[in-house]
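Right, one structure below, let's go through it.
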Amino acid sequence: MTPPPVPLTEIESGLRAPVKTLPSKLFYDARGSELFERITGLPEYYLTRAEQAIMDVYAGEMCAEIGAGALLVELGSGSSLKTRALLDRLERPAAYVPVDISARHLAASAREIAGRYPGLEVIPVSADYDRDFALPAAAVAARKVVVYYPGSTIGNFHPEDAVTFLRKVREICGGPSSPGAGAGAGAGAGPEVLIGVDLKKDPGLLHRAYNDCEGVTAAFNLNILVHLNRVYGLDFDPDRFEHHAFYNEPAGRIEMHLRSLADQAVEINGARIEIAAGECIWTESSYKYSLGEFTALAARAGFRTRREWTDPNRLFGVQYLEANQG
């Protein structure tokens, strides 16, 4: 039986905090993953189109940076659509390791990739990559490990947590001690990271991207309550909440909340937690960076930016990071 994605104690602690919160990883049950795939195709949601445009034009340059014989590890793989731009061009990749919290979605995506690239070893890992997980060994020893982290998911971390996360990626995927990394990786070598970063832009464009006309993002946000009820046996009434998303410009982030439409309560571990009318539960942050800001953040985690690419409108950026030595 698959364990719950988040301990119930963590959920209870977040709901008892002065500003109520829920972990955004709870979005991605099967229904949430399906809704997010719909979001990526919405007219208002520029991110996926901008990132895909970058991959269509520059994937060859990215693969030249990666080189031959790499173990490609994708965090939060989803449908792996953008990954195909890399796999179509990579020279003799050792294996492809998609890592995702949604086991059902991951299995379907891994089967599709394996069918599309019959000579490629595909090793799916169902895990919360924000926590420790084991990097699997490939049948062919890799020259190095390259972590692909697309979709601007790094923006869901508060900046200090983003630094901690990148350090953890370096620890899990770095050096020849990592399974699948051959002697050619060099003693003490860290992983290389290809990462998507959503850039700062017009607040109106940002607002529309998270408040689409069809209400798909609202359904995605509210589904977190359905997920909680099903997995943890809670008694949220999703009809008594509404989606609320806005750009907090001083903080440089989109905030997504669920706003209570009435005085209500939810029972957890036999105790009732009161939620006042108008009170919000903070479900997600999405930080936006300039390229320079993100380069500075990555440097704090022990990486330097080797290359960077943007779309023509500079809505989105992709950076190639390499671990500093020593």
Side-chain angles (χ1 to χ4, degrees), residues 14 19-28 31-54 76 78 81-82 149-159 161-162 195-227 238-261 275-294 297 310-319:
V19 176
K20 290 180 169 57
T21 63
L22 285 171
S24 59
K25 66 188 70 175
L26 290 169
F27 283 132
Y28 297 101
R31 175 62 174 157
S33 295
E34 291 167 3
L35 285 168
F36 184 73
E37 289 302 318
R38 285 183 59 193
I39 288 170
T40 63
L42 293 171
E44 300 95 334
Y45 197 78
Y46 63 86
L47 289 90
T48 304
R49 290 189 300 276
E51 186 177 19
Q52 189 64 59
I54 295 169
L81 288 175
K82 292 183 285 289
Y149 196 35
S152 79
T153 312
I154 192 68
N156 296 146
F157 294 94
H158 295 297
D161 295 331
I195 189 167
V197 182
D198 196 18
L199 302 180
K200 288 182 172 176
K201 58 185 65 66
D202 172 50
L205 183 62
L206 287 168
H207 178 83
R208 291 189 293 274
Y210 293 85
N211 293 277
D212 63 276
C213 293
E214 293 183 38
V216 182
T217 308
F220 174 72
N221 199 7
L222 287 161
N223 183 68
I224 200 170
L225 302 180
V226 178
H227 186 193
D239 291 336
R240 303 184 82 190
F241 291 87
E242 65 179 358
H243 169 69
H244 178 52
F246 62 94
Y247 183 54
N248 181 336
E249 192 163 6
R253 68 186 177 223
I254 283 282
E255 295 182 16
M256 285 215 315
H257 299 259
L258 290 170
R259 184 160 51 198
S260 179
L261 297 172
I275 306 170
E279 188 175 7
C280 288
I281 302 173
W282 193 348
T283 55
E284 185 177 66
S285 298
S286 184
Y287 281 85
K288 315 302 175 184
Y289 295 96
S290 69
L291 290 172
E293 286 172 340
F294 193 77
L297 183 147
T310 67
D311 62 287
N313 296 317
R314 297 184 69 84
L315 299 175
F316 198 90
V318 177
Q319 294 195 351

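Index from 1, following the sequence.
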inquiry  = If you define the side chain from C-beta out and look only at heavy atoms, does anything of R31 sit under 4.5 Å from L35?
reply    = yes
query = In Å and rounded to the nearest 0.5 Å, what is the CD to OH distance from E255 to Y247?
reply = 11.0 Å
query = If you round to the nearest 0.5 Å, how far is CG of N221 from CE of M256?
reply = 4.0 Å
query = How long is the span from the OH atom in Y210 to the OG1 atom in T217, to the nearest 0.5 Å?
reply = 9.0 Å
request  = Please name the pair of heavy atoms, one in R49 and one in P43, separated by the smallest distance, quoted to 0.1 Å.
outcome  = NH2-O, 2.7 Å
task = Kindly say whether the aromatic ring centers of F220 and F27 come within a distance under 6.0 Å.
result = yes
request  = Grab the two heavy atoms, one from F316 and one from S152, that are nearest each other, plus how far apart they are.
outcome  = CE1-CB, 3.6 Å
inquiry  = I'd like to know whether L26 forms a side-chain contact (heavy atoms from CB on, under 4.5 Å) with T283, so could you lay out the CA-CA distance, the side-chain angles of the two residues, the decisive distance to 0.1 Å, and finally the verdict.
reply    = CA-CA 9 Å; L26 290 169; T283 55; over 6 Å; no
query = Say you draw a straight line from CG of L261 to CD1 of I275; how long is it, rounded to the nearest 0.5 Å?
reply = 11.5 Å
ask   = Can you tell me how far the CD1 atom of I281 sits from the CG atom of L22, to the nearest 0.5 Å?
value = 5.5 Å
query = Minimum heavy-atom separation for E249 to P203, with atom names?
reply = OE1-CG, 3.9 Å
ask   = Which distance, rounded to the nearest 0.5 Å, do you find between the CD of E242 and the SG of C280?
value = 8.0 Å
key: Donor-acceptor pair, side chain of N313 and main chain of L315, under 3.5 angstrom   = no
task = Give the minimum heavy-atom separation between R253 and S285, together with the two atoms involved.
result = CD-OG, 4.1 Å
query = Does E279 offer a backbone N or O that forms a donor-acceptor pair with the side chain of S260 under 3.5 Å?
reply = no
ask   = Under a 4.5 Å cut-off applied to non-hydrogen side-chain atoms, are D198 and E51 in contact?
value = no
task = List the steps, then state whether side-chain contact (heavy atoms from CB on, under 4.5 Å) holds for S290 with L199.
result = CA-CA 5 Å; S290 69; L199 302 180; 5.9 Å; no
ask   = Between F246 and H257, how do the two ring planes meet: parallel, tilted or perpendicular, split at 30° and 60°?
value = parallel
key: Side-chain heavy-atom pair L258, K20 within 4.5 angstrom cut-off   = no
remark   = Smallest heavy-atom separation, Y289 atom then F157 atom, equals OH-O, 4.4 Å
key: Which atom of I154 lies closest to which atom of A162, heavy atoms considered   = CD1-CB, 4.0 Å
key: Derivation and outcome, side-chain contact (heavy atoms from CB on, under 4.5 Å), residues Y287 and V197   = CA-CA 9 Å; Y287 281 85; V197 182; over 6 Å; no
Derivation of the side-chain contact (heavy atoms from CB on, under 4.5 Å) call for Y45 and F36 = CA-CA 11 Å; Y45 197 78; F36 184 73; 3.9 Å; yes
